[in-house]
Amino acid sequence: MLRLVVLISGGGSNLRALLQRCDDPAFPAHVVAVGADRDAAGLVHADEFGVPSFMTPFTAYSSREEWGDALLEAVRPWAPDLVVLSGLMRLLPPRVVDGLGPALINTHPAYLPEFPGAHAVRDALAAGVDETGASVIAVDHGCDNGPLLARERVAVLPGDTEATLHDRIKPVERRLLAEVVEGIAAGRIDLKERA
Ligand code: GAR
């Protein structure tokens with residue numbers, strides 16, 4: 001049973017889906033803690049599922065590195081087997097990537113390496129593409145360019161807005177994330193090998 005720490009910044013709908021999956025005794029992971037870089041709305045899902053949460057507010061530190069060190073200190077006591085960035089909208093400093101990796105993964109609402117960054121859905125719409133997608137990657141020192149663990153195409157439909165497209169991408173992200181967690185637990189995905 002993998003011990004997961006999930007880090008979020010926003011509404012945490014993907015976190016909620018993962019917490020629901022973890023309620024299934026057949027699912028090989030459970031969330032031991034949820035962390036956020038701000039007073040994220042999604043922390044309510046941790047409360048609802050009786051999972052402890054913590055906050056390491058980015059704005060309380062004078063540099064990204066100091067924030068990262070505090071985040072590392074907040075995560076470590078939970079002794080996670082895997083840390084999941086599920087909508088954490090911050091680039092992690094190298095010390096955090098090295099400290100938590102290689103068991104550190106990120107979900108992203110695009111078919112990486114297309115549309116990396118914080119506005120992947122908006123960028124896909126602006127580019128006028130017919131298809132975008134969802135990805136799960138291992139986190140490295142770059143921005144959304146770590147080794148791909150899973151990805152799937154999602155069609156852009158006529159009339160799509162950022163909200164409607166993102167709402168269709170998220171269920172795919174949730175399924176891919178669950179599949180990757182299962183793959184890691186079963187040894188089919190070896191994060192050390194991919195680091
Ligand atoms: C998800 O689509 C996630 O992939 C994205 O933020 C959303 C969080 O939604 N992350 C990124 O864009 C990271 N580059 P949620 O808070 O409803 O789970």
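Whatever order the structure lists ligands and atoms in, that order sets their numbers, starting from 1. As a basis for the values below, the full set of heavy atoms in this structure was taken, side chains included, without hydrogen atoms, waters or symmetry mates.
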Return the closest protein heavy atom for atom 3 (C) of ligand 1 as residue, atom name and distance. Glu173 OE1, 3.3 Å

Quick check on contacts: which atoms of ligand 1 are under 4.0 angstrom from a heavy atom of Gly117? 14 (N)

With distance as the sole criterion, is a donor-acceptor pair present between the side chains of Asn14 and Ser86 under 3.5 Å? no

Supply the atom-to-atom distance His108 NE2 to Asn145 CG, rounded to the nearest 0.5 angstrom. 10.5 Å

The reported gap from CG in Leu191 to CG in Leu82 (rounded to nearest 0.5 angstrom) is 6.5 Å

Do any nitrogen or oxygen atoms of His166 lie less than 3.5 angstrom from nitrogen or oxygen atoms of ligand 1? yes

Protein heavy atom at shortest distance from atom 16 (O) of ligand 1: Gly12 N, 2.7 Å

Does Ala120 come within less than 4.0 Å of ligand 1, judged by its heavy atoms? no

Flag Ser86 as yes when one of its N or O atoms lies below 3.5 Å from any N or O atom of ligand 1, and as no otherwise. no

dist Leu91:CG -> His141:NE2 (nearest 0.5 Å) comes out at 10.0 Å

So for Gly42, does at least one of its heavy atoms come nearer than 4.0 angstrom to any atom of ligand 1? no

Any idea which atoms of ligand 1 are less than 4.0 Å away from a heavy-atom of Thr107? 3 (C), 4 (O), 10 (N)

Any atom of ligand 1 sitting under 4.0 Å from a heavy atom of Ile8? no

Are side-chain N/O atoms of Asp23 and His30 paired as donor and acceptor at under 3.5 Å? no

I need the contact type for Asp144 against ligand 1. Using non-hydrogen atoms and a strict under-4.0 Å cut-off, is it side chain, backbone, both or neither? side chain

Can Arg174 and Ser13 be counted as having a side-chain donor-acceptor contact under 3.5 angstrom? yes

Nearest-0.5 Å distance that lies between atom CZ in Arg76 and atom CG in Leu71: 10.5 Å

Checking a contact table here: which protein heavy atom is nearest atom 12 (O) of ligand 1, and how many Å away? Pro109 CD, 3.3 Å

Could you tell me which non-hydrogen atom of Ala150 sits nearest to which non-hydrogen atom of Val180, and how far apart they are? CB-CG2, 3.7 Å

Quick check: Met89 and ligand 1, any N/O pair under 3.5 Å apart? no

Charged N to carboxylate O under 4.0 angstrom, Arg153 versus Glu114? yes

Measure the distance from atom 18 (O) of ligand 1 to every protein heavy atom, then report the residue, atom name and distance (to 0.1 Å) of the closest one. Asn14 N, 2.9 Å

From the candidates Gly11, Gly10, Gly87, the one that places a heavy atom nearest atom 6 (O) of ligand 1: Gly87

Closest protein heavy atom to atom 14 (N) of ligand 1, given as residue, atom name and distance to 0.1 Å: His108 ND1, 3.1 Å

Does NZ or CZ of Arg90 lie under 6.0 Å from the centre of the six-membered ring of Phe58, at an angle within 45° of the ring axis? yes

When rounded to the nearest 0.5 Å, the distance separating CG of Asn106 from CD1 of Ile137 is 5.0 Å

Against heavy atoms of Ser13, which atoms of ligand 1 measure under 4.0 Å? 15 (P), 16 (O), 17 (O), 18 (O)

Against ligand 1, does Ala40 come closer than 4.0 Å with any heavy atom? no

